[in-house]
Amino acid sequence: MRDALGEVQSVLVLGGGSDIGRAVCRQLVKGRCDTVILAGRPEDGMDDVAADLRAEGATVELRDWDATDVASHAGVIGDIFDEFGDIDLVYAPAGILGSQEAFDRDPAFAAAAVQINFGGLVSASLVVADRLKAQGHGVLVLMSSVAGLRARKNNFVYGSTKAGLDAFGQGLGDALVGTGVRVMVVRPGFVRTKMTEGMDAAPFSTTPEEVAHLIIDGLTKGMETVWAPPVLKYPFFVFQLLPRAVWRRVSERG
Ligand SMILES: NC(=O)c1ccc[n+]([C@@H]2O[C@H](COP(=O)([O-])OP(=O)(O)OC[C@H]3O[C@@H](n4cnc5c(N)ncnc54)[C@H](OP(=O)(O)O)[C@@H]3O)[C@@H](O)[C@H]2O)c1
């Protein structure tokens, strides 16, 4: 249960090996959060994140969860809620970036990315929403991307998964108004993590720590949408208005 000042005391991370997730949890456990449940594929580097958080004094538990195994979601997530009781925050950073070239070469890989970034998170989020509603409070945080706001020809599979997730998060948030449960959609630009390793940084690139700070600030303020960094909302407002032919040229510049 969030404390009298609204600080998170327990968090479930869906995609427990995420670099941004690690930074979010590190900042939470420096505050009032003492219980962290990392859920993800066993090979996803969760042990390392867990060791990091335990060194900060948190109680950390690991559970197997695969975004693509949608048939298991009700059971796996339900069991976590049954075991740990109240969970204040469910943070869902699971996702893959892939490359447009790889998706073009292998359409099945493109479909798998859709299943991880969108289908799997839709399934998990609906289970989470039900459980948060039953406890009467809680926040679900979904990771969209500025790539979802206007598709680029060089990463439109990834962009379309994020467009879907962003729209889903907004709709779910609206459907939950009045239940005590909130959904916050995060729209980062380029963040320097293992996901973007080796890539040239885009303008206004940022760090996991800065994104985590903005997420926690957004939680405190009850925000529905968080841009990371916030300045990105201005160029993307303009980008959404550009004619297609102009956008094709602008988006080529990275
Ligand atoms: N980094 C950026 O520039 C950026 C920008 C905008 C939005 N985002 C979004 O922010 C979120 C977190 O990104 P990040 O930078 O922290 O990336 P990250 O460190 O690569 O974290 C993503 C996590 O998702 C896990 N994952 C992949 N497939 C999964 C599956 N089937 N089931 C469960 N977990 C799975 C990954 O495991 P593996 O590492 O083993 O694959 C990884 O631990 C992602 O949704 C990403 O799309 C990132």
Side-chain angles (χ1 to χ4, degrees), residues 12-27 37-50 52 62-73 76-77 80 90-99 102 109-125 128 140-150 152 155 157-166 168-169 184-212 214-215 225-229 232-233 236 254:
L12 164 62
V13 184
L14 297 174
S18 152
D19 286 350
I20 299 175
R22 179 198 299 248
V24 168
C25 291
R26 279 180 68 100
Q27 291 188 28
I37 307 126
L38 300 175
R41 297 176 305 180
E43 67 274 21
D44 285 353
M46 294 197 298
D47 288 329
D48 193 39
V49 178
D52 204 8
L62 271 55
R63 295 293 178 271
D64 288 352
W65 171 79
D66 187 328
T68 62
D69 187 6
V70 293
S72 75
H73 288 180
V76 170
I77 296 169
I80 291 172
V90 179
Y91 177 58
I96 64 164
L97 179 58
S99 73
F109 177 42
V114 175
Q115 179 76 324
I116 296 168
N117 290 1
F118 184 43
L121 288 175
V122 165
S123 156
S125 296
V128 165
L140 168 65
V141 176
L142 294 173
M143 295 301 282
S144 175
S145 167
V146 295
L149 298 198
R150 185 113 202 223
R152 288 171 189 256
N155 76 344
V157 169
Y158 176 76
S160 60
T161 66
K162 293 300 184 180
L165 188 66
D166 197 294
F168 168 82
M184 192 168 90
V185 174
V186 183
R187 294 174 177 164
F190 187 104
V191 191
R192 288 183 289 277
T193 68
K194 63 178 178 295
M195 181 176 275
T196 55
E197 207 171 339
M199 296 171 65
D200 293 336
F204 304 111
S205 67
T206 185
T207 62
E209 290 70 27
E210 180 56 19
V211 178
L214 291 164
I215 289 173
T225 311
V226 168
W227 294 78
L232 283 175
K233 71 169 83 98
F236 275 87

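Atoms within each ligand, like the ligands themselves, are counted from 1 in listed order.
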What residue and atom, counting heavy atoms only, is the protein's closest point to [atom], and at what distance?
atom: atom 24 (O) of ligand 1; answer: Gly95 N, 3.2 Å
atom: atom 18 (P) of ligand 1; answer: Lys194 NZ, 3.8 Å
atom: atom 31 (N) of ligand 1; answer: Asp66 OD1, 2.9 Å
atom: atom 12 (C) of ligand 1; answer: Pro93 O, 3.3 Å
atom: atom 25 (C) of ligand 1; answer: Asp44 OD2, 3.8 Å
atom: atom 16 (O) of ligand 1; answer: Ser18 OG, 2.7 Å
atom: atom 14 (P) of ligand 1; answer: Thr193 OG1, 3.8 Å

Taking non-hydrogen atoms only, is [X] closer than 4.0 angstrom to ligand 1 via side chain, backbone, both or neither?
X: Ser144; answer: backbone
X: Glu43; answer: neither
X: Ile96; answer: side chain
X: Ile116; answer: side chain

So, taking the atom named CG in Leu97 and the one named CE in Met199, what distance separates them when rounded to the nearest 0.5 Å?
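Rounded to the nearest 0.5 Å, the CG-CE separation comes to 5.0 Å.
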How far does CG of Asp48 sit from CG of Leu38, to the nearest 0.5 angstrom?
11.0 Å
For residues [X] and [Y], determine if any side-chain heavy atom of one lies less than 4.5 Å from a side-chain heavy atom of the other.
X: Phe190; Y: Thr196; result: yes
X: Ile37; Y: Val13; result: no
X: Lys162; Y: Phe118; result: no

What do you reckon, does Ala67 have a nitrogen or oxygen under 3.5 Å from a nitrogen or oxygen of ligand 1?
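The answer is yes, given that Ala67 and ligand 1 share an N or O pair closer than 3.5 Å.
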For ligand 1 and Ile20, I'd like to know whether there is a polar contact (N/O to N/O, distance under 3.5 Å).
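Yes - when backbone and side-chain N and O of Ile20 are compared with those of ligand 1, one distance drops under 3.5 Å.
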Could you tell me which atoms of ligand 1, counted from 1 in the order shown, lie closer than 4.0 angstrom to a heavy atom of [X]?
X: Thr196; value: 1 (N), 2 (C), 3 (O)
X: Phe190; value: 3 (O)
X: Gly17; value: 43 (O)
X: Tyr158; value: 6 (C), 7 (C), 8 (N), 9 (C), 46 (C), 47 (O)
X: Trp65; value: 33 (C)
X: Met143; value: 10 (O), 11 (C), 45 (O)

Under 3.5 Å donor-acceptor, [X] side chain and [Y] backbone:
X: Ser205; Y: Ala201; answer: no
X: Asn117; Y: Ile96; answer: yes
X: His73; Y: Val128; answer: no
X: Gln27; Y: Glu209; answer: yes

Contact summary for Pro188 and Leu232, nearest pair of heavy atoms
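The pair with the smallest heavy-atom distance is C-CD1, 4.5 Å.
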Scanning both residues in full, the closest heavy-atom pair of Val70 with Gly120 reads CG1-CA, 4.0 Å
May I ask whether Arg22 places a heavy atom under 4.0 Å from ligand 1?
no
Does the side-chain contact (heavy atoms from CB on, under 4.5 Å) test come out yes or no for Val186 and Ser144, once each step is laid out?
CA-CA 5 Å; Val186 183; Ser144 175; over 6 Å; no
Have a look at [options] and point out the one with the heavy atom closest to [atom].
atom: atom 4 (C) of ligand 1; options: Ser145, Gly189, Pro208; value: Gly189
atom: atom 27 (C) of ligand 1; options: Met195, Met46, Arg41; value: Arg41
atom: atom 3 (O) of ligand 1; options: Asp64, Val49, Val191, Thr207; value: Val191

Judged by modelled atom types alone, do Arg187 and Ser145 share a side-chain donor-acceptor pair under 3.5 Å?
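Result is no, nothing qualifies.
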Indicate yes or no: does Asp19 engage Arg192 in a salt bridge with an N to O separation below 4.0 Å.
no
